[in-house]
Number of protein chains: 2
Amino acid sequence: MVGSGRRVGIADVAALAGVSVGTVSKALNGRGAMRDETRARVRAAADELGFAPSAVARSLLSGRTFTVGVITTDSYGRFSIPVMRGAEDALGVGEMAAFLCDSRDDPIREQHYVRTLLARRVDGIIVAGRRTEPRTPIGHDLPVPVVYAFARSADPDDCSVVSDEAEGTRSAVEHLLKTGRRRIAHVTGPQSHASAALRASSAVEALEEAGTPLVGDVWFGGWSEAWGRYAVRAMLKAHPDVDAVFCGSDTVARGVTDALREEGRSVPHDVAVVGVDNWSLVAEACRPPLTSVDLNLEAVGRRAGELLLAAIDGRPSPGVHSLPCRLVVRDSSAPPN
Amino acid sequence: MVGSGRRVGIADVAALAGVSVGTVSKALNGRGAMRDETRARVRAAADELGFAPSAVARSLLSGRTFTVGVITTDSYGRFSIPVMRGAEDALGVGEMAAFLCDSRDDPIREQHYVRTLLARRVDGIIVAGRRTEPRTPIGHDLPVPVVYAFARSADPDDCSVVSDEAEGTRSAVEHLLKTGRRRIAHVTGPQSHASAALRASSAVEALEEAGTPLVGDVWFGGWSEAWGRYAVRAMLKAHPDVDAVFCGSDTVARGVTDALREEGRSVPHDVAVVGVDNWSLVAEACRPPLTSVDLNLEAVGRRAGELLLAAIDGRPSPGVHSLPCRLVVRDSSAPPN
DNA sequence: CTGAAAGCGCTAACAC
DNA sequence: GTGTTAGCGCTTTCAG
């Protein structure tokens, strides 16, 4: 990239090409009719000067900025990142640029960003969250469309895109049943966490329906490896015949796997382990590598971007859009034979 | 946040307040002299309509957008994220909004983003990278200032902000020596990786100077836990009397720690372990928690933001700006006694 | 103390 | 085919 170090305007191009500014505009935008020679001369002049039309001036006229705001609540953490990446993919197609705003879970900060974004005349806003609890909407009756990604809005009329965690949980349970497991336990995060509660109830339900109820109670605790290790040691005392542990997250699953090995149980021969998140960093470092439910966060972000583009285009899709998860099978759940 | 659902302009406010647009502008911006009553009336009208002046129109006039571009090469990975967070902190002070561009290590994509950002008339650009190898600059003689963060520019006249990895390495080695270790080994990533090579040579040098040369050769390999486990097992055979392992990253260190424990060596009683990155996720999950060199990425980003603001303000600071690291001591390097 | 008018860089009508 | 002009929403002179 070579720049002149100075801003060059359409007037400079016009002067160099020996035509008027109107002609330059038409020539470069392929509009109106004109001699090929003229168009070529203008193009050459623009290239020579490295002219790039000001998006600012253009926006003022068109009323569109081709810019969206992305508000994330969790400092680009492990959930927002893939969501943002997917959103960026979709928005790129519409030639949109994204303002990134990290609200750091502070409502004051968030409102500040909303105001800033509206003042900058963004065409739309994506709100990406870390928790799956329905969240307070960023505003009512805003002048631009808003799409919530991963963390749905508490207002069901808002447009939200989420992972279908219940479906993901069922697919994990069915996988364990299909590979011959019958004594399945569940270790997960805090009961107060919506995702932990939902995954637990979905797992219990799926197992009931299959006629092989959960072994013992749900082990609610924290999202750490330490909790996974602690819980599985206690569980082995109460239910030594367990043959599979479904975990609410990959970190918990890693703790569970480590403790099982240290207690002399072979994974997957004696006990299968399945996690949730498919956080490759954790799942692949596990010994053996961990089977896990992928929440398809990138797809959630992409969908959010697509729905936002459509809404900007006058085709809104209110309501909750639920996307399926994807079970990624690795060695930790291979059949026991 | 409540919006009208419709865009309201300065003319609407003027009509409601019964004054001219010029007066509204002055009233809201606190410029010029006018009766208090008039100013209050205008303010009330603006509030009632929820008026927010268009940053677009304002930019067209002022020639400034109060917007910067942040180009990241690694999909908001674990290095870019803290850098971006720090940059955002600094830029927020200047009321700057940031366009986020993920080049995904693709030069074509990167050039596309540079053009887009310039067309949008950003006031400056920050380039954040993942690798510490000097990188090809994004352009020469661009019309706006550019600051490189973490990954320095190959052009020494460009402004770059980096972590002082050599200093960080020395602080880790000195810490081990101070706590009584004398037989120190080094396990790290691929030799072809600039960070691995630099950290290794700095460690070797620091140990030479202290009169306690490195035990054996540097163990170059990969950045994985598996490599850490493999290397330490081989090392224990060759040098069973090693009493500390300095690792090129936290993941390697975690593998090293796990294998030491499994081989019956107590950490830190028999062998101390120190990593680099202070990636809390890994360092805190380690058994015992890992002492690690923090690269202060957030500070690097913050500094980059500050330098960019200064450059935009006409006070550029060309050259490489090196920031110190910070040793975070945890249990894995407690004295042996 | 307030209003009218010019102009930021560009596009889209309409003249010529 | 090409040039001229008005105007996007705002700030800033300069009159009144």
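Chain letters run A, B, ... following the sequence lines, proteins first and then strands; every chain starts at 1.
- If you walk DNA chain D from 5' to 3' and mark each nucleotide with an atom closer than 4.0 Å to a heavy atom of chain A, the marks span dG1(D) to dG9(D).
- At least one donor-acceptor pair under 3.5 Å links the side chain of Arg109(B) to the backbone N or O of Asp102(B).
- For Arg152(A), the CZ atom sits in a loose shell: 12 or fewer heavy atoms of surrounding residues, nucleotides or ligands are nearer than 6.0 Å.
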Run the side-chain donor-acceptor check on residues 13-24 of chain A: report pairs under 3.5 Å with partners two or more places apart or on a different chain.
{"from": "Ser20(A)", "atom 1": "OG", "to": "Thr23(A)", "atom 2": "N", "distance (Å)": "3.4"}
{"from": "Ser20(A)", "atom 1": "OG", "to": "Thr23(A)", "atom 2": "OG1", "distance (Å)": "3.1"}

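- Backbone-only contact: Thr38(A) has heavy atoms under 4.0 Å from sugar-phosphate atoms and none from a base.
- Side-chain atoms of Thr67(A) and Arg120(B) form a donor-acceptor pair, as typed in the model, at a separation below 3.5 Å.
- In terms of the ring-ring contact (aromatic ring centres under 6.0 Å, His included) criterion, Phe66(A) has no residue partners (sequence neighbours excluded).
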With a 3.5 Å cut-off and sequence neighbours excluded, list the donor-acceptor pairs that the side chains of residues 315-325 of chain B form with protein atoms.
{"from": "Arg315(B)", "atom 1": "NH2", "to": "Asp313(B)", "atom 2": "OD2", "distance (Å)": "3.3"}
{"from": "His321(B)", "atom 1": "NE2", "to": "Ser317(B)", "atom 2": "O", "distance (Å)": "2.9"}

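- Recorded end-axis angle for the helix from dC1(C)-dG16(D) to dC16(C)-dG1(D) stands at 60°, based on five pairs per end and rounded to 10 degrees.
- Contact detail for Pro137(A) and Tyr148(A): the closest heavy-atom pair is CA-OH, 3.2 Å.
- No donor-acceptor pair under 3.5 Å is formed between the side chain of Glu110(B) and the backbone N or O of Ser103(B).
- The minimum heavy-atom distance linking Val144(B) with Leu118(B) is given by the pair CG2-CD2, 3.8 Å.
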*Tell me, for nucleotides 6-16 of chain C in 5' to 3' order, what letter each nucleotide earns: B for a base near a protein heavy atom under 4.0 Å, S for only sugar-phosphate near one, - for neither?*
-BBBBBB----
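- Ion pair Glu306(A)/Arg302(A) not flagged as a salt bridge, since none of the NZ, NE, NH1 or NH2 atoms sits closer than 4.0 Å to an Asp/Glu carboxylate oxygen.
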